[in-house]
**Q** 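Below is the structure I would like to discuss, written out as structure tokens.
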Amino acid sequence: MQTTPVPTRQIVAAVIGNALEWYDFVVYGFLTVIISRLFFPTDSEYASLLLAMATFGVGFFMRPVGGILIGMYADRRGRKAALQLIILLMTVSIAMIAVAPPYAAIGAAAPALIVIARLLQGVATGGEFASATSFLVESAPAGKRGFYGSLQMVGQSLAALTGAGMGMLITQGLTPEQVDSWGWRVPFIFGLLIGPVGLYIRRHLNETEAFIEASASQVERLGLRQLWRGHKHSVMACFGLVVAGTIMYYVVLIYMPTYAKTQLQIPLGDAFIAQVAGLICLTLMTPVFGGLSDRLGRRPVLMVAMLSYLILPYPLLGWLLTEPSLMRLAVMQVVLCTVVAISFGPLSTALAEQFPVHMRSTGLALAYNFAVMLFGGFAQLIVTWLIRETGTPLAPAFYVMFGACAGMTGAWFTVDRYRDEVLH
């Protein structure tokens with residue numbers, strides 16, 4: 001528990017820095033259709049799309065590595081030091097994408113540059129969730145950890161909203177030729193310009209009292225083997241929760257513009273409009289459900305979310321497929337983003353509460369990044385392959401339903417510490 005009130009500007013700075021970090025990572029996913037043509041040209045549009053999606057996913061291979069290394073760094077040197085390192089790495093990686101020449105200009109070196117940049121982004125984002133979540137939850141006063149922790153997911157939502165907004169602007173305001181020629185770079189250049197802002201913001205964060213107290217008490221820093229032996233049930237419960245959340249995030253929030261364009265023939269600009277509507281709802285509702293978890297507990301709110309993940313996607317997607325339109329797509333996105341908000345509200349705090357301070361960043365990084373690598377990073381690739389192999393455009397719903405089952409299992413086995421006055 002934070003005994004000294006944390007200045008509002010500290011919390012705002014943490015959320016803004018988090019949003020800038022995630023924006024740099026997710027904007028690639030929104031522009032997959034365009035990037036596939038420019039950097040991964042083949043005789044088959046389907047093959048090009050798969051290659052671009054695989055490159056989106058390859059960054060996730062480095063997330064467990066980056067997450068564990070930066071998580072251990074955060075547990076030793078502090079949350080502030082880790083957050084500064086992360087945004088520096090992300091700024092370098094997005095600069096590589098922003099200036100990369102297309103395949104037509106430099107041949108095979110073009111996709112190689114994109115792959116290297118995505119790997120570097122994977123290292124950075126691998127440490128972001130654990131470090132930012134630890135900072136926010138440890139900064140919360142008693143009885144408000146759910147609300148404060150939800151601001152981590154608000155940052156991610158703002159990042160996705162900004163990325164979708166940039167995609168909407170370039171696809172609505174430019175011709176297809178202009179988009180392919182230079183317009184696709186604008187969202188990445190924007191991310192490059194705001195990188196120094198994020199670095200400045202994070203230089204002025206204060207370390208959390210919880211971390212300072214843990215450091216002063218000279219608590220033994222455990223390695224991965226000891227962490228697993230002593231907290232494997234916590235790691236697995238968190239893993240299940242993150243599987244559900246990451247599948248929903250990358251299918252509903254990142255993949256849907258590509259799905260709307262390739263499967264429903266809805267113009268990409270219209271798909272981004274629907275995405276923006278859903279993301280506004282998600283951003284506004286996430287802290288509401290985070291605060292609700294402070295009153296009702298993390299587990300009840302999470303179980304409602306997981307049940308909704310299981311029940312709603314199939315009928316909603318089927319309804320959209322019967323008559324594809326911007327209006328139906330927007331309605332589906334608003335409903336599903338509300339469900340995501342129910343999950344995202346308590347999620348970060350529930351995960352953080354499973355681990356003590358001196359190993360929190362490492363434990364979070366271990367559970368979170370392996371789940372995201374396996375089930376989130378390749379979500380677009382898996383769903384596209386499922387659609388092709390099963391012959392049904394309903395395949396995204398099946399993948400989300402699978403995640404819901406994992407999430408319900410994880411929620412059931414979490415320890416609900418919402419009534420604890422002190423976060424150890």
Side-chain angles (χ1 to χ4, degrees), residues 22 25-26 28-30 32 53-54 56-61 63-64 67 122 125-126 129 152-153 156-157 159-160 236-260 263 275 278-279 282 286 301-317 332-333 335-348 350-351 364 367-387 389-390 392-412 414:
W22 285 104
F25 191 78
V26 303
Y28 180 100
F30 284 126
T32 298
M53 289 177 176
F56 178 76
V58 77
F60 288 78
F61 274 122
R63 286 183 66 161
T125 52
F129 180 86
Q152 152 69 244
M153 309 311 292
Q156 289 196 30
S157 301
M236 293 308 298
C238 291
F239 183 87
L241 281 172
V242 177
V243 167
T246 196
I247 287 176
M248 196 70 167
Y249 184 88
Y250 286 101
V251 171
V252 174
L253 303 183
I254 307 301
Y255 173 68
M256 197 49 63
T258 299
Y259 178 85
Q263 299 297 322
Q275 200 74 340
L279 285 164
L282 171 61
T286 294
V301 180
L302 286 169
M303 289 300 287
V304 169
M306 299 307 152
L307 188 61
S308 300
Y309 281 178
L310 185 65
I311 294 173
L312 291 178
Y314 185 87
L316 280 172
L317 195 57
M332 185 186 77
Q333 288 301 89
V335 172
L336 291 180
C337 283
T338 301
V339 173
V340 175
I342 299 173
S343 167
F344 277 12
L347 180 62
S348 298
L351 299 178
L364 280 173
Y368 179 82
N369 286 298
F370 273 102
V372 173
M373 179 190 73
L374 295 173
F375 297 98
F378 292 96
Q380 297 188 82
L381 182 67
I382 292 169
V383 169
T384 301
W385 177 80
L386 283 174
I387 292 171
E389 293 301 312
T390 62
T392 174
L394 288 169
F398 301 146
Y399 192 45
V400 172
M401 292 163 69
F402 159 75
C405 295
M408 282 190 285
T409 304
W412 181 259
T414 56

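Worth knowing before you read on, the calculation uses all heavy atoms, side chains too, and leaves out hydrogens, waters and symmetry mates.
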**Q** Ignoring hydrogens and angles, tell me if any N or O in the side chain of Gln152 forms a donor-acceptor pair with the backbone of Phe344 under 3.5 Å.
**A** no
**Q** For the CD1 atom of Ile342 and the CG atom of Leu307, what is their distance to the nearest 0.5 Å?
**A** 10.0 Å
**Q** Considering all heavy atoms of both residues, which atom of Ser308 and which atom of Pro313 are nearest to each other, and what is their separation?
**A** O-CD, 3.6 Å
**Q** With sequence neighbours left out, write down each residue that passes side chain to side chain contact (heavy atoms under 4.5 Å, CB included) with Ser157, or none if nothing qualifies.
**A** Leu282, Thr283, Thr286
**Q** With a 4.5 Å cut-off on side-chain heavy atoms, are Val383 and Tyr250 touching?
**A** no
**Q** How close do Ala305 and Val339 get, counting heavy atoms only, and between which atoms?
**A** O-CG1, 4.0 Å
**Q** I need the Leu394 CG to Leu386 CG distance, nearest 0.5 Å.
**A** 12.0 Å
**Q** Can you name the closest pair of heavy atoms from Cys337 and Gly278 and give their distance?
**A** CB-O, 3.1 Å
**Q** If I take atom CG from residue Asn369 and atom CZ from residue Phe239, how far apart are they, to the nearest 0.5 angstrom?
**A** 11.0 Å
**Q** Quick one: closest heavy-atom pair of Ala371 and Thr246, and the distance?
**A** O-CG2, 4.0 Å
**Q** Taking all atoms of both residues into account, what is the closest heavy-atom pair of Gln263 and Ile387, and its distance?
**A** OE1-CG2, 3.6 Å
**Q** Which residues satisfy the side chain to side chain contact (heavy atoms under 4.5 Å, CB included) test with Thr409, sequence neighbours excluded?
**A** Phe413
**Q** To the nearest 0.5 Å, tell me how far Leu347 CG sits from Leu351 CG.
**A** 4.5 Å
**Q** Hey, can you pull the donor-acceptor pairs under 3.5 Å for the side chains in residues 396-403, sequence neighbours left out?
**A**
| from | atom 1 | to | atom 2 | distance (Å) |
| --- | --- | --- | --- | --- |
| Tyr399 | OH | Phe375 | O | 2.7 |

**Q** So Thr384 and Tyr255, do their side chains get closer than 4.5 Å, heavy atoms only?
**A** yes
**Q** Considering all heavy atoms of both residues, which atom of Met306 and which atom of Ala404 are nearest to each other, and what is their separation?
**A** O-CB, 3.5 Å
**Q** Which residues pass the side chain to side chain contact (heavy atoms under 4.5 Å, CB included) test with Met332, not counting sequence neighbours?
**A** Met256, Leu316, Leu317, Leu320, Leu329, Leu336
**Q** To the nearest 0.5 Å, tell me how far Met236 CE sits from Thr414 OG1.
**A** 14.0 Å
**Q** My understanding is that only residues two or more places apart in sequence, or in another chain, count here; which of them pass side chain to side chain donor-acceptor pair (under 3.5 Å) with Tyr309?
**A** Ser343
